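Report on one structure; see the data block that follows.
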Amino acid sequence: MVEKQFSLQEFTCGERVLPRSFYARDTVTVARELLGKIIVNYTPAGPIAGRIVETEAYIQGDPACHAARGMTPRNRVMFGPPGHAYVYFIYGMYHCFNTITARKGVGEGVLIRALEPLTGLPIMRANRKRKKIVDLCSGPAKLVQALGILPQHNGADLTVRPLVLLEGPPPQEGIVTTTRIGINVGETLPFRFYLEGNMHVSRK
DNA sequence: GTCCTGATCCTCT
DNA sequence: GAGGATCAGGACG
């Protein structure tokens, strides 16, 4: 398979940053509409970017949501203004990346679960110590490693560099809705979305 | 390919 | 002190 390196402009409609109003809406709607959008991390080594192909929504009143039992030092970013990053530590060795949604004071967000790598593939490979493209961003902790997202990015404004989300071309694929991965508490909710047939999705 | 397990530590109870 | 929005590697088929 031929490996093509894409320029950011080729994918991002001239780098149109998603405005804060995009995030300040119903969380489940934002989760669905984030599919096809572009995440870019401008690092000293160069830009690293991927196309979002899998998301999960976490809302108030949902026992699986980190904010379910009120504000704590860990989850306080979730209650802040929308359009910011929530990066948290999990399983003793990994981090996951969320975008904060809804209005300030409401602890909701969208977990980014998988990306299709677009630019900065050599940097991703170095960050991940993996060669195959499908091993770079096909999971929430993998994409955090690949993009070089760090705990220091917790609370970062996603409408300004270095870490931004950009408009992308509308997805041609269909959108599949399922229950969320690894959630055993409470009722099962259809809050996971992914692009049909995309090889970078973490699970079918 | 599928299944199982260990790694490893922060957070909240 | 228990458990978690995970991943990689090994056993097995």
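Keep in mind the model is a prediction, meaning the values are calculated, not measured. Order of the sequence lines sets the chain letters (A, B, ...), proteins ahead of strands, with each chain counted from 1.
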> Whole-Å distance between dA8(C) P and K131(A) NZ?
Replying inline: 16 Å
>> Given dT6(C), dT8(B), dC12(B), identify the nucleotide with an atom nearest to the side chain of M93(A).
In response: dT8(B)
> Does dA5(C) have OP1 or OP2 sitting under 4.0 Å from an N or O in the side chain of R192(A)?
Replying inline: no
> Which heavy-atom pair separates L147(A) from C137(A) by the least distance, and what is that distance?
Replying inline: CD1-SG, 4.3 Å
> Which atom names give the shortest non-hydrogen contact between T159(A) and L18(A), and what distance separates them?
Replying inline: CG2-O, 3.6 Å
> Can you tell me how far P of dG3(C) sits from CZ of F89(A), to the nearest Å?
Replying inline: 18 Å
> Just checking, is any N or O donor in the side chain of T101(A) or T27(A) under 3.5 Å from an acceptor N or O on the other one?
Replying inline: yes
> For the pair made of CE in M78(A) and C1' in dC12(B), what is the distance, rounded to whole Å?
Replying inline: 16 Å
> Separation of Y94(A) atom OH from dT8(B) atom C1', in whole Å?
Replying inline: 10 Å
> Can you name the closest pair of heavy atoms from A102(A) and E108(A) and give their distance?
Replying inline: CB-OE1, 4.0 Å
>> Check this one for me: any side-chain N or O of R130(A) less than 4.0 Å away from OP1 or OP2 of dC7(C)?
In response: no
>> Within the 3.5 Å criterion, strictly below it, is a donor on N41(A) or T43(A) matched to an acceptor on the partner's side chain?
In response: no
>> Starting the side chain at C-beta, find the nucleotide from dC12(B), dA5(C), dC9(B) nearest to R113(A).
In response: dA5(C)
> When the distance from CG of L136(A) to P of dA8(C) is rounded to whole Å, what number comes out?
Replying inline: 10 Å
> Whom does dA5(C) pair with, Watson-Crick or G-U wobble, provided both distances fall under 3.5 Å?
Replying inline: none
>> Is there a side-chain contact between K142(A) and the phosphate of dA8(C), meaning an N or O under 4.0 Å from OP1 or OP2?
In response: yes
> Could a donor-acceptor pair under 3.5 angstrom be found where the side chain of Y91(A) meets the base of dA7(B)?
Replying inline: no
> N75(A) has an atom CG; how far is it from atom P of dA5(C), in whole Å?
Replying inline: 13 Å
> In whole angstrom, what separates N98(A)'s CG from dT6(C)'s P?
Replying inline: 11 Å
>> Rounded to whole Å, please give me the gap between CZ in R203(A) and P in dA8(C).
In response: 13 Å
> Under a 3.5 Å cut-off for both distances, is dC12(C) Watson-Crick or wobble paired, and to whom?
Replying inline: dG1(B)
>> Between Y88(A) and Q145(A), which residue's closest nucleotide on DNA chain C lies nearer the 5′ terminus?
In response: Y88(A)
> Within the structure shown, what part of the strands sits under 4.0 Å from A141(A) by heavy-atom distance: base, sugar-phosphate, or nothing?
Replying inline: sugar-phosphate
>> Regarding R74(A), tell me which of base, sugar-phosphate or nothing describes its non-hydrogen contacts under 4.0 Å with the strands shown.
In response: sugar-phosphate
> Reckon R69(A) has a side-chain N or O less than 4.0 Å from the OP1 or OP2 of dT13(B)?
Replying inline: yes
